[in-house]
There are 2 protein chains.
Amino acid sequence: MRTFVTAAEAGRFQDAATDLAVTQQAVSKRIATLEKTLGVRLFTRTARGAKLTIDGQAFLPHARELLQAEARAIASVCPGRRALRVDVIGRRLAPAGALRDFHRAHPEAGLDLVTLVDVDTAIDALRSGTIDASFRAVTMPGRELPDDIGATRAFDEPVQFLTGPAHELATARAVMPAELAGHRIWMPGLVPGTESTAYYDDLATAFGLTIEITGPDFGTEPLLDTVADSRSLATFVGEQTRLVWPAEHDLRRIPLRDPTPVYPHSLLWHRDNRHPALDALRRHFGSGRFDHSAAGTWTPAWVH
Amino acid sequence: MRTFVTAAEAGRFQDAATDLAVTQQAVSKRIATLEKTLGVRLFTRTARGAKLTIDGQAFLPHARELLQAEARAIASVCPGRRALRVDVIGRRLAPAGALRDFHRAHPEAGLDLVTLVDVDTAIDALRSGTIDASFRAVTMPGRELPDDIGATRAFDEPVQFLTGPAHELATARAVMPAELAGHRIWMPGLVPGTESTAYYDDLATAFGLTIEITGPDFGTEPLLDTVADSRSLATFVGEQTRLVWPAEHDLRRIPLRDPTPVYPHSLLWHRDNRHPALDALRRHFGSGRFDHSAAGTWTPAWVH
DNA sequence: GCACGACACAACCAGCGGTTGTGCGGATAT
DNA sequence: ATATCCGCACAACCGCTGGTTGTGTCGTGC
């Protein structure tokens, strides 16, 4: 590919060969094999060089795009000058969506999303420099943030109740958390020891709920399958969480009111991190554009 | 790259190997060499398979993008089911910009842009099926369109007068074409025998102008250099033409009025062409959204 | 008409990238 | 606690890809 682009730009195989530090015959062979694999002629050979055919013209921008994609891929893991790497809880959850907004606002800053299991792993990764920022709920009881980690309350996400069409509360416009006492709430994805588990534990205690985390976690699809078909089983889901479920499933998002439990997404970073785009990220999420203390909301007492 | 993506999806080198129809050892070697060239570890090897590291997680979407770019590149030259291929006069000229609008409206249709020298070459390419459509000014005198080629007047582009800051007309709000008689108009890019040359020849004749096409064509940059520094040399340029010139150059676009010469861009296609996206393209440009007969405009008499 | 420039073809060879065979370590089972 | 299995890494081997040098061919320009 690189040979093709170089030859197309140079207009002569000879010049491309010197650019690439190989012989003219090597360039000729590379182009020939590329043409053979594609099944089309890319150059018309003339006495004064090689000109692109129509197919070659159409192919050229795609070849350039391929080389750029390669450069981006390499840059994404290049230590030191790689793109800003942010840990989100999951790619379909609210922080990932919020980062899309940030990326639209700052397209010049490269952005890579990774997912880690819990806040402790995230802090280790922040310290080692493998990630630059992390969206977490801080801090869990008994685990205050260390001094070298900075944190901003980024935004709050209302929690919703997700049911199938046959569920008793399926047609409710909204429900109070206390009304859910006695209902079966199933969250098999919760990993013990993580801060999101601490959040939902506190939520359950505060309103007298019982959350079942029994059973293996097969991912969201089987969970949604089960919830959609059940008259009694339901689950919690963030308002911003993008769920993909088969078209035949009819799932209902029921808002919670009086109070509305909100999940507190905080932005964490390491104070020694000098990544150029990190400042912009902090400003984007720490500029007070989110209301952290809306009336009628609930968070665990340990939330900053 | 494909091995990396497959292994990341499978979670086990073994499974990836069977998917790729090679041995596990080959996969192991490929991943090892990839890690070596990148200088980072992409997988953590466990007893139950291989999991992505943080670097691997960040690398994965870029690797996927690379494979997709490869697929698009191949598809762009795949005979039969390739993307819609449209001939524009130049990548910075009005048809290319108009096609960007079309691509925004129909993102599902792949689109490749190529450039051919003149309408005859374009018609040959349309007949042979190497291109699907062409933007041209039709028809030149004495060269009516053949029956197997369809044409629609797509849109008209006003012609402007481009001068440097020292030119006599640099500060004019607008000029009449007839006022340009006696001024030096330089268009070294015009190729004799092409329809755009025929257009400007007619324009010159109609208003008593003299257009110099002397001197070799070194591209737009040297042309703009010369025009920017000259007190007497100027040139014609399409209103939609995107020119890139160094910041130190101060070029002026002077609109033409009474009448406004417009360049008639027509869309050409072959009547036997059954490309699925060609219909959409014809509808996009043939739906009467452009005013073809605005008062006060001028076109050569031979324009359809 | 001849020299020159540019690409293609032929022969040759190193090394990349595959294979088979085996070793090693962690997780599970007995 | 120990045996067993599963999955990945390492070693040896080898064919074929992809490079080199040398030469041929063709169109262009003096």
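A note on names: the letters A, B, ... follow the listed sequences, proteins ahead of strands, and every chain is numbered from 1.
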Within residues 11-36 of chain B, find the residues that approach DNA chain C with a heavy atom at under 4.0 Å, and present them sorted by residue number.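 Heavy-atom contacts with DNA chain C come from B:Val22, B:Thr23, B:Gln25, B:Ala26, B:Lys29, B:Arg30.
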Every protein N/O within reach of nucleotides 26-30 of chain C N/O, cut-off under 3.5 Å:
{"unit_1": "C:dA27", "atom_1": "O3'", "unit_2": "B:Arg48", "atom_2": "NH1", "d": "2.7"}
{"unit_1": "C:dT28", "atom_1": "OP1", "unit_2": "B:Arg48", "atom_2": "NH1", "d": "2.9"}

Nearest whole angstrom, please: distance from the [atom2] of [N] to the [atom1] of [X].
X       : N      : atom1 : atom2 : value
B:Arg41 : D:dC8  : CZ    : C1'   : 11 Å
B:Arg45 : C:dG23 : CZ    : C1'   : 17 Å
B:Met1  : C:dG17 : CE    : C1'   : 18 Å

Using the side-chain hydrogen bond (donor to acceptor under 3.5 Å, both in side chains) rule, collect all pairs that involve residues 65-74 of chain A, keeping only residues at least two apart or in two chains.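 Residue pairs with at least one partner in residues 65-74 of chain A: A:Arg2-A:Glu70, A:Glu65-A:Arg72.
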Is it true that B:Arg64 and B:Glu9 have a side-chain N and a carboxylate O under 4.0 angstrom from each other?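 Counted as a salt bridge, because a side-chain N and a carboxylate O are separated by less than 4.0 Å.
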Rounded distance [0.5 Å steps], [atom1] in [X] versus [atom2] in [Y]:
X        : Y        : atom1 : atom2 : value
A:Phe4   : A:Ile31  : CZ    : CD1   : 7.0 Å
B:Arg242 : B:Arg92  : CZ    : CZ    : 4.5 Å
B:Leu243 : B:Thr241 : CG    : OG1   : 6.0 Å

Passing option when A:Asp132 is tested against A:Arg127, A:Arg85, A:Arg82 for salt bridge (Lys or Arg N to Asp or Glu O under 4.0 Å):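 Exactly one pass, corresponding to A:Arg82.
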Please determine whether side chain to side chain donor-acceptor pair (under 3.5 Å) holds for the pair B:Thr6 and B:Thr3, giving the CA-CA distance in whole Å, both sets of side-chain angles, and the decisive distance to 0.1 Å. CA-CA 5 Å; B:Thr6 310; B:Thr3 306; over 6 Å; no
Using the rule given for side chain to side chain donor-acceptor pair (under 3.5 Å), can you reason through B:Asp118 versus B:Thr121, listing the C-alpha separation, both sets of side-chain angles and the distance that settles it, and then say yes or no? CA-CA 6 Å; B:Asp118 62 2; B:Thr121 318; 2.5 Å; yes
